[in-house]
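The block underneath contains the structure these notes are about, expressed in structure tokens.
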Amino acid sequence: MIYEVEQVVSEWMARGITDMKHVISVMMRKGGAGKSTLTLLLADALIRFGLNVLIIDMDPQGNACTGLGRKVLMRAVEARIGRSTLEEPDVNTVIEVIQSGEPGVADEAILLINTAGWQYPLDMPFHRGGPLRAGKIGKIGLIPSYKGLEDLPTSWKPTDFERLAQTLHLPAEPGGVPPAHRWDVVLIDTAIARALGVQSAKAAKKVLFVTNAEKFGVDAIPETMSLVEDVRDHYYHDDIDVMGLVWNAYSPRQTTARALTADAAQAHAAKQKHWDAPIWPFEIPKAIVVSDSHDMAAPVSAFLGTSEKREPASKVCQVAEAIALRMLDEIGHPLAGELRAAWRQAWPEKEQTDVMTKGVA
């Protein structure tokens with residue numbers, strides 16, 4: 001697997017750029033807020049842009065793994081002492097990456113995803129699920145997770161919160177390429193548990209919030225910002241930056257949703273404490289096609305080629321693509337401007353939605 005990973009070359013690598021801020025933690029301290037959904041939607045968009053994306057699943061539920069069709073399986077092994085049997089994961093996971101802190105472990109844990117669900121048709125136009133640039137489909141890597149992760153923080157000392165960050169930047173060989181540098185974007189799907197959130201934030205340079213436009217989802221926004229500020233002030237990571245907040249499963253017809261998003265915008269404008277996150281002008285639509293993609297372990301763009309799901313899939317994909325472009329701008333990716341221009345041309349005018357003009361000028 002290391003040999004395969006070594007074939008991954010990011011645009012940063014190709015241009016000799018080593019000082020980048022492309023590790024992004026997708027966060028919200030509420031279950032079901034849409035962290036895994038947004039992570040997978042962004043990966044889908046970026047891969048079709050022709051970029052290489054690494055997903056680090058830092059949630060014991062392993063939803064990102066399931067969505068990519070690579071859920072961790074447990075296998076029985078004999079105990080070293082006695083005749084009892086134990087269970088261990090069938091692959092290296094983020095647990096080994098964090099526990100070891102050794103060079104090469106992160107590369108060894110990366111699975112290159114190339115399953116039937118996440119293969120892309122090279123001969124299709126972008127608005128039907130193909131690549132944005134002819135023949136250029138990015139690679140997707142996964143550092144998986146499973147339920148054993150939830151017990152890991154009980155033994156952590158203060159220095160252990162640095163482990164994920166350290167291993168992502170330790171090359172397998174002296175003078176080699178650090179694992180994180182091989183990827184154009186690294187997305188960390190972050191758990192709600194505080195200790196796991198701190199570990200994820202310590203490994204990231206940027207944070208992207210996502211939540212539902214409902215009471216508990218909105219209430220979690222200042223709590224999540226408080227965690228980031230704690231990491232900034234007390235875990236010696238003062239350069240971490242919250243890029244923005246994205247609404248998930250949004251329905252404009254719901255009066256409550258409109259009122260809550262308006263209240264959140266007002267709190268941000270009034271500079272209330274822990275409401276610093278800029279609210280991005282994108283709402284991921286509430287659409288069955290999103291849950292269909294999770295159930296089938298396929299990207300939402302896979303439904304662009306079907307007549308039945310094309311319209312809702314188009315709306316969801318355009319929002320995800322707009323968020324991805326805004327994100328590339330925020331991290332200063334060298335292809336951000338070129339990709340934005342190509343994206344505007346790729347969607348036929350009759351299929352464009354208002355998101356084409358929101359926040360991606």
Side-chain angles (χ1 to χ4, degrees), residues 7-15 17 20 22 24 37-55 67-68 112-115 117-141 182-187 208 246 280 282 284-285 289-290 293 298-306 309-361:
Q7 310 310 306
V8 180
V9 178
S10 67
E11 193 65 27
W12 310 105
M13 278 181 63
R15 296 174 183 240
I17 300 172
M20 58 275 206
H22 69 312
I24 300 162
T37 293
L38 178 58
T39 298
L40 294 170
L41 287 174
L42 289 174
D44 183 22
L46 292 166
I47 292 164
R48 292 200 302 133
F49 288 171
L51 303 181
N52 299 322
V53 184
L54 174 63
I55 292 178
L68 290 170
L112 288 182
I113 302 300
N114 188 23
T115 60
W118 282 77
Q119 287 181 344
Y120 292 88
L122 290 175
D123 57 344
M124 294 292 285
F126 183 73
H127 66 285
R128 290 293 181 265
L132 181 60
R133 298 176 292 166
K136 293 187 178 181
I137 289 290
K139 292 183 174 64
I140 181 167
R182 300 184 186 282
W183 307 89
D184 290 282
V185 178
V186 179
L187 298 172
L208 185 58
V246 172
W280 284 7
F282 310 115
I284 301 168
V289 71
V290 175
S293 72
V300 171
S301 66
F303 296 92
L304 292 173
T306 68
K309 304 281 187 178
R310 181 176 299 150
E311 184 177 351
S314 296
K315 292 179 180 178
V316 172
C317 284
Q318 284 186 23
V319 171
E321 291 153 14
I323 297 170
L325 289 167
R326 176 75 172 261
M327 187 175 68
L328 291 174
D329 278 334
E330 292 280 338
I331 67 175
H333 192 277
L335 291 179
E338 177 184 328
L339 293 171
R340 187 188 310 108
W343 177 68
R344 288 186 177 279
Q345 296 295 321
W347 282 97
E349 188 172 345
K350 63 180 180 181
E351 294 189 30
Q352 292 186 13
T353 64
D354 61 348
V355 75
M356 300 291 286
T357 60
K358 290 167 67 175
V360 276

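Across every non-hydrogen atom of L68 and I55, the tightest pair is CD1-CD1, 4.0 Å. Shown here for R133 and L339, the closest heavy-atom pair between the two residues is NE-CD2, 3.9 Å. Here the shortest heavy-atom pairing between C317 and L304 reads SG-CD1, 4.1 Å. Residues A313 and F303 share a closest heavy-atom pair of CB-CB, 3.9 Å. Contact between L41 and V300 at its shortest, heavy atoms only, is CD2-CG2, 3.6 Å. Of all the heavy atoms in W280 and V246, the pair that sits closest is CE3-CG2, 4.0 Å.
Heavy atoms of other residues, nucleotides or ligands lying less than 6.0 angstrom from CD of Q119 number more than 12.
In the model, W347 has no side-chain atom that pairs as donor or acceptor with a side-chain atom of Q318 under 3.5 Å. A donor-acceptor pair shorter than 3.5 Å cannot be found between the side chains of D184 and H22. Side-chain atoms of D44 and S301 form a donor-acceptor pair, as typed in the model, at a separation below 3.5 Å.
With rounding to the nearest 0.5 Å, the separation of CD1 in I47 from NZ in K139 is 11.0 Å. Remark: L54 CG to R182 CZ distance equals 11.5 Å, nearest 0.5 Å. For the atom pair R310 CZ and E351 CD, the distance stands at 7.0 Å (nearest 0.5 Å). Of the inter-residue distances, the one linking L208 atom CG with I323 atom CD1 reads 7.5 Å to the nearest 0.5 angstrom. Separating the CG atom in L328 from the CG atom in L46 is a distance of 5.5 Å, to the nearest 0.5 Å. Here E330 contributes atom CD and L325 contributes atom CG; the two are 12.0 Å apart, rounded to the nearest 0.5 Å.
Taking 4.5 Å as the limit, every side-chain heavy atom of W183 sits out of range of all side-chain heavy atoms of M13. Counting only heavy atoms from C-beta outward, the side chains of P131 and F126 never approach each other to under 4.5 Å. Residues K136 and F49 are not in side-chain contact: their nearest non-hydrogen atoms beyond the backbone lie 4.5 Å or more apart. Residues M327 and L187 meet the side-chain proximity criterion, which asks for heavy atoms closer than 4.5 Å. Within the 4.5 Å cutoff, side-chain heavy atoms of H127 are placed close to those of P348. In this structure, the side chains of P299 and Y120 come closer than 4.5 Å at one or more pairs of heavy atoms. S314 is not listed as a side-chain neighbour of T353, based on a closest heavy-atom distance of 4.5 Å or more. Inter-residue side-chain proximity for L335 and L51 is flagged as met; some heavy-atom pair is nearer than 4.5 Å.
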With side-chain contact (heavy atoms from CB on, under 4.5 Å) as the test, would you mind laying out the steps for M20 and H333 before giving the verdict? CA-CA 8 Å; M20 58 275 206; H333 192 277; over 6 Å; no
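Here the options are L42, V185, V186, T39, the test is side-chain contact (heavy atoms from CB on, under 4.5 Å), and the partner is I24; only V185 passes.
For the pair R344 (side chain) and M356 (backbone), a donor-acceptor distance under 3.5 Å is present.
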